[in-house]
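Working notes for the structure below.
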2 protein chains.
Amino acid sequence: MNLTAAEENYLKAIYHLSDGASKSVSTNDIAAEMKTKPASVSDMLRKLGEKEVINYRKYYGVNITPEGKKLALQTIRKHRLWEVFLVEKLNFAWDEVHEVAEELEHIQSPLLIQRLDAFLNYPKFDPHGDPIPDEFGDVKARPRIPISEMEIDQSGQIVAVKDSSAAFLRYMDKVGAYIGARVKILDKVEFDGSVEILVDQKKSIFMSKDVASNILAVQS
Amino acid sequence: MNLTAAEENYLKAIYHLSDGASKSVSTNDIAAEMKTKPASVSDMLRKLGEKEVINYRKYYGVNITPEGKKLALQTIRKHRLWEVFLVEKLNFAWDEVHEVAEELEHIQSPLLIQRLDAFLNYPKFDPHGDPIPDEFGDVKARPRIPISEMEIDQSGQIVAVKDSSAAFLRYMDKVGAYIGARVKILDKVEFDGSVEILVDQKKSIFMSKDVASNILAVQS
DNA sequence: TTTTGGGTTTAGGTTAGTCTAAAAATAAGT
DNA sequence: ACTTATTTTTAGACTAACCTAAACCCAAAA
C-alpha cells in the first residue's frame, strides 16, 4: 500500500488523535490538527477509507485499521529517526528539528531508513524522549509519569516532555534539564505542588508544579 | 524565489542540457530528459519564464538566466551532498544513491544543508567525482580527461565516470577501480586503443578503449 | 515560392489536494 | 417530538502537474 505525503500526514494525525488506540476521531478535530478545513478532511477520509487504512462511516468519525496503524507507525518511525539524526549528527537544537523532520519523513526508501537506523545505532527514543517504533511497528513502551507525581527520594530518568514548545525546550536547556538526565526528587511543597529535584547527582533545580508536570520520567 | 520540486527538476535538466552555459535548449530535449511529453514542457517553460529563471521565446528554445543558474546549482549542490552522505555515512553503493538523492534534494532547509556540509567535512566532489558547487554556486572545476587520452607513464587520479550506469559502476568495483584512486598508465595498445593501468601503485588493470574513455581523471 | 514535415504550442481533460458556500445529517434543548 | 444548533458532507471551483489530440509555426526541399 502506497500513500502520498498528504495521506501519510492525515493518517499520522488520526493515529495521534486516537491516542494510538483505535478510538474514534472527528472530522473537526482532524481539520484542527492538520490546519485544513473540515471539507478537505471529508474528501481525504473518503480516500483513506477506500484504501482501507481507516474505517469511515459518514457522519460518525473514523477509526484507524490495523493496517493503517502500521503505516502510521512507519511514518512516525521515520520522523523520529530523522530527529535523532538532526540532533545527534547535525547538532540541531531540540526545537529546530520538527519542521525538517516533517519533510524528511516522506522520503520513500526502506533501505535508507534501515541504514539510517544502523548509523544512529538503533536508537529507541527520539530527542524529545518519544519511543521510536521498530520496523514492524512495535513500540517499547515504558511507564512514564510526570515528575510532579513522583515521591520524595524517588529516582528516575527524564524521558520526555509533554509540551515540547520551543519556549519550554529552551527553559529546559537553561536550567540544565535534558532528556536522559538522571533525577531524584529532593523536596515537594505541599502548598503549591512545586518540587525540587537533583539532576545527575549534582545540580539542584527548583520548579513550579506546572513545569514539573510537563516533564516525564521513568522510575528506577 | 521559491520553486516547487517539479520546477527545480526542470531547471536542473535545462541547466544540464545547456552544459552549464546559457546555450539554448529545445522543448523536445527537455521532454526526453524529464521523461514527460513536449506539451507538459511548454506549460512548465511558460511558468519558469514568468519566474524569470529562464528566457523563454515561444518556438525558439530557452536559455537559463543567471538567477536560474544559481538556483539550479543550489539543487545540484544539495543532490551531491546527499550522495556523499549516503555513500560515506550510510554505506550505500554508488549505483544506489541517485534515486534517493533525487528525493532528498528537494528538502527545503538552508540550515540543514549547511550543517550537512559541515558534517561531511565540506566535500568538494560527490561519489561519482562530480564537483559540488559551494553555497554561492561556484564550482571548483578541474580539467578532467578520459584515461584513454592519457600518455604512457602519466599519473593521475580518477575523479569521475561518464556513464555512471549501475552496470558500469559494478564493473569498476569488481576490477578495483574507484573514484579517488591514483592511477598510472602502464601501456597502451595502438591497435585497439585498450590500456593497462596501475591502480594505487599495486594493482594492474587491463581495459578496453570503451571502458578507458568512460573513466575521467585529473593528471598530476 | 510554395509545400511539407518536424518541432512546438494550445485546447481541453485528469488527478491530488485544497478552498468556500450551501445542503444535509446528527445531536441537543425544551 | 420538534425545533435549533452543530457537525459533516456535497457541490463547485482553483492550482500544479501531467496527459492526448489538434492546431500552429518555421525552416528546408522541391
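Just so it is clear, the structure is predicted and the values come from calculations on it, not from any experiment. Note on naming: letters A, B, ... go to the chains in the order of the sequence lines (proteins, then strands), and numbering restarts at 1 for each one.
To the nearest angstrom, P of dT18(C) lies 13 Å from CD1 of I30(A). Whole-Å rounding puts the E50(A) CD to dT15(C) P distance at 12 Å. Rounded to an integer number of Å, the gap from CG of D43(A) to C1' of dT8(D) is 12 Å. Between the P atom of dA16(C) and the CG atom of L45(A) lies a distance of 16 Å, rounded to the nearest Å. Separating the CZ atom of R46(B) from the C1' atom of dC18(D) is a distance of 13 Å, rounded to the nearest angstrom. Put simply, CE on M44(A) is 6 Å from P on dT18(C), counting in whole angstrom units. Taking atom CG on L48(B) and atom P on dT9(C), their separation rounds to 13 Å, with Å as the unit. Distance NZ (K35(B)) to C1' (dC19(D)): 18 Å, rounded to an integer number of Å.
Under 4.0 angstrom from either OP1 or OP2 of dA23(C) there lies no side-chain N or O belonging to Y59(A). At the phosphate of dT8(C), OP1 or OP2 sits under 4.0 Å from a side-chain N or O atom of N28(B). Contact annotation: Y10(A) reaches the phosphate of dT18(C) (side-chain N/O to OP1 or OP2, under 4.0 Å). Residue K58(B) places at least one side-chain N or O closer than 4.0 Å to OP1 or OP2 of dT10(C). Taking 4.0 angstrom as the limit, Y60(B) places a side-chain polar atom (N or O) nearer than this to OP1 or OP2 of dA27(D). Residue S40(A) places at least one side-chain N or O under 4.0 Å from the OP1 or OP2 atom of dC19(C). The shortest distance between the side-chain N/O atoms of T27(A) and the OP1/OP2 oxygens of dT9(D) is below 4.0 Å.
No option in K12(A), E7(A), K51(A), M1(A) other than M1(A) meets the side-chain contact (heavy atoms from CB on, under 4.5 Å) test with L71(A).
For H106(A) and E8(A), the side-chain atoms include at least one donor-acceptor pair closer than 3.5 Å.
Picking from dT18(C), dT9(D), dT9(C) the nucleotide with the shortest atom distance to the side chain of S42(B) gives dT9(C). Closest approach to the T36(B) side chain among dT10(D), dA16(C), dC19(D) is made by dC19(D) (side chain taken as heavy atoms from C-beta onward). When the nucleotides dT20(D), dC18(D), dC19(C) are ranked by their closest atom to the side chain of K37(A), dC19(C) comes out on top.
Backbone-only contact: A6(B) has heavy atoms under 4.0 Å from sugar-phosphate atoms and none from a base.
Rounding to the nearest 0.5 Å gives a distance of 13.5 Å between CD of Q108(A) and CD of E99(B).
Classification of the F85(A)-F119(B) ring pair by plane angle, with boundaries at 30° and 60°, yields perpendicular.
Comment: D138(A) does not engage R77(A) in a salt bridge, judged by the lack of any side-chain N to carboxylate O separation of less than 4.0 angstrom.
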